[in-house]
Student: 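Could you have a look at this structure, given as structure tokens, before my questions?
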Amino acid sequence: MGDRRFYSHFGIDLTAIALSLHAGPGTKAVRSCITHQVAKILFPSDERNLEVKIQEALVAIWLEWRLSKDEILKVYLNRVQIGRGIFGVSEAAQSYFHKQVQDIELGESALLAGLINAPH
């Protein structure tokens with residue numbers, strides 16, 4: 001997932017943005033935080049322009065006002081793509097391990113976490 005500051009930011013990781021701006025051109029782009037990914041999942045757009053990015057940021061901030069961090073994480077884990085054509089940890093647990101998500105073991109959950117498509 002890659003959002004180390006998830007529980008400390010307000011939907012937009014300003015630290016990550018500042019670090020990427022400081023790094024300059026040619027460096028790896030900032031990855032979206034989990035809340036921003038939820039905004040993209042809930043309101044998908046084929047366009048990738050500044051207007052869409054601003055709208056996603058505003059939705060992320062709105063989500064942070066309306067939901068707890070755990071609720072945001074639950075939405076993310078229930079809707080994120082995990083592998084090819086599999087969405088959400090429940091579907092992934094069933095597809096990969098033939099188990100209900102609550103029955104998977106620690107190692108299996110780590111494997112699923114590693115399969116989550118990297119945010120962009």
Side-chain angles (χ1 to χ4, degrees):
M1 290 185 299
D3 189 357
R4 295 178 197 164
R5 290 179 285 276
F6 174 66
Y7 283 97
S8 63
H9 63 63
F10 60 94
I12 300 172
D13 190 347
L14 295 177
T15 303
I17 292 169
L19 289 172
S20 74
L21 292 174
H22 179 67
T27 59
K28 200 177 223 182
V30 173
R31 298 205 181 252
S32 302
C33 67
I34 290 172
T35 310
H36 195 147
Q37 287 298 306
V38 170
K40 286 180 178 183
I41 290 167
L42 295 177
F43 301 99
S45 174
D46 292 332
E47 295 188 38
R48 301 296 338 138
N49 57 43
L50 184 59
E51 182 179 342
V52 169
K53 289 180 182 273
I54 291 170
Q55 288 173 345
E56 289 170 350
L58 292 173
V59 169
I61 293 168
W62 181 84
L63 287 167
E64 291 276 344
W65 285 338
R66 304 292 292 178
L67 302 174
S68 71
K69 290 287 190 174
D70 289 342
E71 289 170 324
I72 292 168
L73 188 57
K74 184 177 181 179
V75 171
Y76 178 76
L77 292 173
N78 283 323
R79 294 183 178 224
V80 68
Q81 186 172 359
I82 303 174
R84 292 193 172 182
I86 298 171
F87 294 88
V89 292
S90 293
E91 185 178 334
Q94 189 64 45
S95 295
Y96 289 109
F97 307 116
H98 307 290
K99 296 180 178 180
Q100 298 296 313
V101 70
Q102 62 269 22
D103 297 329
I104 63 173
E105 298 172 19
L106 181 60
E108 293 166 333
S109 64
L111 179 69
L112 294 182
L115 292 174
I116 292 176
N117 294 345
H120 39 49

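No experiment lies behind these values; they were computed from the predicted model shown.
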Student: Show which side-chain atoms of residues 108-115 pair as donor or acceptor with protein atoms under 3.5 Å away, not counting sequence neighbours.
Tutor:
unit_1	atom_1	unit_2	atom_2	d
Glu108	OE1	Lys99	NZ	3.0
Glu108	OE1	Glu105	N	2.7
Glu108	OE2	Lys99	NZ	3.0
Ser109	OG	Leu106	O	2.7

Student: Looking at every non-hydrogen atom in both residues, tell me the closest pair between Ala39 and Val59 and how far apart they are.
Tutor: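 Looks like CB-CG1, 3.5 Å.
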
Student: Name every donor-acceptor pair, under 3.5 Å, that has one atom in a side chain of residues 90-97 and the other anywhere in the protein, sequence neighbours excluded.
Tutor:
unit_1	atom_1	unit_2	atom_2	d
Gln94	OE1	Gln100	NE2	3.4
Ser95	OG	Glu91	O	3.0

Student: Under the rule for side-chain contact (heavy atoms from CB on, under 4.5 Å), what residues qualify as partners of Ile61, not counting sequence neighbours?
Tutor: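 For Ile61 the side-chain contact (heavy atoms from CB on, under 4.5 Å) partners, ignoring immediate neighbours, are Phe10, Ile12, Trp65.
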
Student: Let me confirm one number: the CD1-CD distance from Ile104 to Gln102, rounded to the nearest 0.5 Å.
Tutor: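 With rounding to 0.5 Å, CD1 (Ile104) is 9.5 Å from CD (Gln102).
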
Student: Have Glu47 and Asn49 got a donor and an acceptor in their side chains that come within less than 3.5 Å?
Tutor: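 Asn49 and Glu47 do have a side-chain donor-acceptor pair below 3.5 Å.
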
Student: Strictly distance-based, threshold 3.5 Å: is any side-chain N or O of Gln81 a donor or acceptor partner for the main-chain N or O of Gly83?
Tutor: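 Yes, Gln81 side chain to Gly83 backbone: donor-acceptor pair under 3.5 Å.
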
Student: Are Tyr76 and Ile116 close enough, and set up right, to give a side-chain contact (heavy atoms from CB on, under 4.5 Å), and what steps lead you there?
Tutor: CA-CA 11 Å; Tyr76 178 76; Ile116 292 176; 3.4 Å; yes

Student: If two hydrophobic side chains count as joined below 4.5 Å and joins carry through other members, does Leu42 share a cluster with Trp62?
Tutor: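 Yes, one cluster joins them.
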
Student: Might you point out which heavy atoms bring Ile72 and Leu63 nearest each other, and give the distance in Å?
Tutor: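 It is CD1-O, 3.8 Å.
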
Student: Do you reckon Ile54 sits in the same ILVMFWY cluster as Phe43, going by side-chain contacts under 4.5 Å, direct or chained?
Tutor: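 They do not share one cluster, since no chain of ILVMFWY contacts under 4.5 Å joins Ile54 to Phe43.
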
Student: If you measure from NZ on Lys74 to CG on Leu67, what distance do you get to the nearest 0.5 Å?
Tutor: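 Answer rounded to 0.5 Å: 11.0 Å.
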
Student: Looking only at non-hydrogen atoms, find the nearest pair between Lys53 and His36 and report the distance.
Tutor: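 In this case the closest contact between Lys53 and His36 is O-CE1, 4.4 Å.
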
Student: Between Phe87 and Ile41, is there a shared hydrophobic cluster once you connect ILVMFWY residues whose side-chain heavy atoms come closer than 4.5 Å?
Tutor: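 No: no chain of side-chain contacts under 4.5 Å links Phe87 to Ile41.
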
Student: OG/Ser45 to CD/Glu51 distance, rounded to the nearest 0.5 angstrom?
Tutor: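 Nearest 0.5 Å value for the OG-CD distance: 9.0 Å.
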
Student: Hey, could you give me the OG1/CD distance between Thr35 and Glu56, rounded to the nearest 0.5 Å?
Tutor: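 Nearest 0.5 Å value for the OG1-CD distance: 12.5 Å.
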
